> 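Let me begin by handing over the structure; questions about it come next.
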Amino acid sequence: QVVFALNQTLLQQESLRAGSFQIPYTTEDLIKHYNCGDLSSIIFNHDTSQVPNFINATLPAHERIIAQEIDSYFRQELIYKRNERMGRRVKDLLEEYPDKSFFFAFGAGHFVGNNTLIDVLRKEGYDVEHTPAGQAI
């Protein structure tokens with residue numbers, strides 16, 4: 001799986017450099033949608049931009065299975081479990097120090113797609129609201 005992932009990453013980078021492959025969204029798109037509180041936008045239809053996408057319709061069936069296994073592993077380990085851990089830490093701090101104010105900062109990738117950090121906190125019973133850019137806190 002590691003060799004497959006490395007080969008796919010290198011092929012993708014070569015395609016980007018040659019101009020035959022384009023990323024479906026830009027950093028500017030991410031910033032714009034983050035600032036607008038619109039992180040469920042169609043441009044982020046793959047659960048998150050932090051996880052490389054190796055699934056490709058041109059792959060042979062056995063390689064597509066490997067790509068799906070890697071994709072599932074990355075998504076579970078790098079995003080979902082991490083969001084759960086961070087959500088628990090936020091919850092624990094809020095419960096341990098109920099009279100304190102906190103400011104938490106996380107990368108935008110933790111607010112995109114399914115099983116986000118916000119989803120974790122809402123499951124714990126917290127009310128989470130978006131604060132638009134430029135709005136006083």
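The basis for the numbers below is simple: all heavy atoms, side chains too, and nothing from hydrogens, waters or symmetry mates. The chain is numbered in sequence order, starting from 1. Everything numeric in this text was worked out from a predicted model, so none of it was measured.
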> How far does CG of Leu6 sit from CG of Leu10, to the nearest 0.5 angstrom?
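Answer for the CG-CG pair, Leu6 versus Leu10, is 4.5 Å.
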> Apply salt bridge (Lys or Arg N to Asp or Glu O under 4.0 Å) to Glu69 and list each qualifying residue two or more places apart in sequence or on a separate chain.
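Partners of Glu69 by the salt bridge (Lys or Arg N to Asp or Glu O under 4.0 Å) criterion come out as none, since no residue qualifies.
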> Give every donor-acceptor pair under 3.5 Å between a side-chain atom in residues 95-107 and any protein atom, sequence neighbours left out.
from, atom 1, to, atom 2, distance (Å)
Glu95, OE1, Lys91, NZ, 3.4
Glu95, OE2, Lys91, NZ, 3.3

> What pair of heavy atoms forms the shortest contact from Asn115 to Asp119, and how long is it?
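Here Asn115 and Asp119 meet closest at N-OD2, 3.1 Å.
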> Val90, Met86: one ILVMFWY side-chain cluster at the under-4.5 Å cut-off?
yes
> For the CD1 atom of Ile79 and the CD atom of Glu84, what is their distance to the nearest 0.5 Å?
12.5 Å
> Hey, quick one: are Leu11 and Ile70 part of the same hydrophobic cluster, counting side-chain heavy atoms closer than 4.5 Å, chains of contacts allowed?
no
> Taking side chain as C-beta onward, heavy atoms only, is Arg82 less than 4.5 Å from His110?
yes
> Do Gln68 and Asp71 come within less than 4.5 Å of each other through their side chains, counting heavy atoms only?
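No - every pair of side-chain heavy atoms lies 4.5 Å or more apart.
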> With sequence neighbours excluded, what pairs up with Ile118 under the side-chain contact (heavy atoms from CB on, under 4.5 Å) test?
Phe111, Thr116, Arg122, Val128
